[in-house]
Amino acid sequence: QVQLVESGGGLVQAGGSLRLSCVASGSIFSINVMAWYRQAPGKQRELVATITSVGDINYADSVKGRFTISRDNAKNTAYLQMNSLKPEDTAVYYCNALIRSSIVTIAYDYYWGQGTQVTVSS
């Protein structure tokens with residue numbers, strides 16, 4: 001079993017900062033891509049940022065220059081540093097990871113965390 005647990009969400013004023021963390025635990029042999037998604041009320045879930053095991057990074061245009069994704073491979077943890085937050089960043093933020101769970105299988109599977117609420121007040 002693999003679990004992803006997010007933390008770090010909360011209520012912040014516009015212009016403020018938050019740092020989200022996502023810890024992967026359980027049966028993990030290797031983690032390929034780790035990503036952050038978000039879903040605002042009434043909207044589809046959207047990709048925010050991705051980072052590969054070798055550090056290749058991509059961001060949604062809406063967060064470029066404000067958000068920074070990083071990871072600690074030794075701790076199976078991904079982070080999302082969010083600066084200059086805007087009310088439109090309000091959403092539930094989800095961690096997603098592509099994980100190979102065992103040395104005996106070559107298959108990778110996607111796993112999701114339960115989400116953490118980020119609310120930005122104007």
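Remember, predicted model here, so these are calculated numbers, not experimental data.
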d(K86 NZ, S122 OG) to nearest 0.5 Å is 14.0 Å
Treating N96 as the side-chain partner and Y111 as the backbone partner, does any N or O pair qualify as donor plus acceptor under 3.5 Å? yes
Interatomic distance, OG1@T50 vs CG@N58, rounded to 0.5 Å, equals 4.5 Å
| message | I'd like to know whether L18 forms a side chain to side chain contact (heavy atoms under 4.5 Å, CB included) with F67, so could you lay out the CA-CA distance, the side-chain angles of the two residues, the decisive distance to 0.1 Å, and finally the verdict. | response | CA-CA 10 Å; L18 284 173; F67 290 11; over 6 Å; no
Worksheet item: Are V2 and Y108 connected in a single hydrophobic cluster, I mean Ile/Leu/Val/Met/Phe/Trp/Tyr linked by side-chain heavy atoms less than 4.5 Å apart?
Response: no
So CD1 of I99 and OH of Y110: to nearest 0.5 Å the spacing works out to 11.5 Å
- Task: Find out if a path of hydrophobic residues (ILVMFWY) with successive side-chain heavy-atom gaps under 4.5 Å connects I106 to V104.
- Result: no
For K75 and T77 the tightest heavy-atom approach is O-OG1, 2.8 Å
d(Q39 CD, Q44 CD) to nearest 0.5 Å is 8.5 Å
Residue set satisfying ring pair (Phe, Tyr, Trp, His ring centres under 6.0 Å) with Y79, at least two apart, ordered chain then number -> none
Residues at least two apart in sequence or cross-chain that pass side chain to side chain donor-acceptor pair (under 3.5 Å) with S62, listed by chain then number, are R38
Would you call T90 and Q117 a side-chain contact if the rule is heavy atoms closer than 4.5 Å?
-> yes
**Asked** If you group Ile, Leu, Val, Met, Phe, Trp and Tyr by side-chain heavy-atom gaps below 4.5 Å, do I31 and W36 land in one group?
**Response** yes
Does V48 belong to the same Ile/Leu/Val/Met/Phe/Trp/Tyr cluster as I57, with side-chain heavy atoms less than 4.5 Å apart forming each link? yes
Under 4.0 Å between a Lys/Arg side-chain N and an Asp/Glu carboxylate O for D61 and K64? yes
### Task
Report, as yes or no, whether the 6.0 Å neighbourhood of atom CD on Q3 holds more than 12 heavy atoms from other residues, nucleotides or ligands.
no
Inset, instruction - Would you check if the side chain of E6 reaches a backbone N or O of G115 as a donor-acceptor pair within less than 3.5 Å? - result: yes
Can a side-chain donor-acceptor contact be found between N83 and S17 if the only test is distance below 3.5 angstrom? yes
| said: Can you confirm whether D89 sits close enough to R66 that some side-chain heavy atom of one is under 4.5 Å from a side-chain heavy atom of the other? | reply: yes
Polar side-chain atom of S27 near backbone of S101 as donor-acceptor pair, under 3.5 Å | yes
For N73, the side chain to side chain donor-acceptor pair (under 3.5 Å) test, sequence neighbours excluded, returns R71
Rounding to 0.5 Å, atoms CD1 (I28) and OG (S102) come to a distance of 12.0 Å
Between the CG atom in L98 and the CE atom in M34, the distance rounded to the nearest 0.5 Å is 10.5 Å
In V92, L80, L20, the residue satisfying side-chain contact (heavy atoms from CB on, under 4.5 Å) with V118 is L20
Treat each ILVMFWY residue as a node, draw an edge where side-chain heavy atoms are under 4.5 Å apart, and state whether Y94 and V120 are in one component.
no
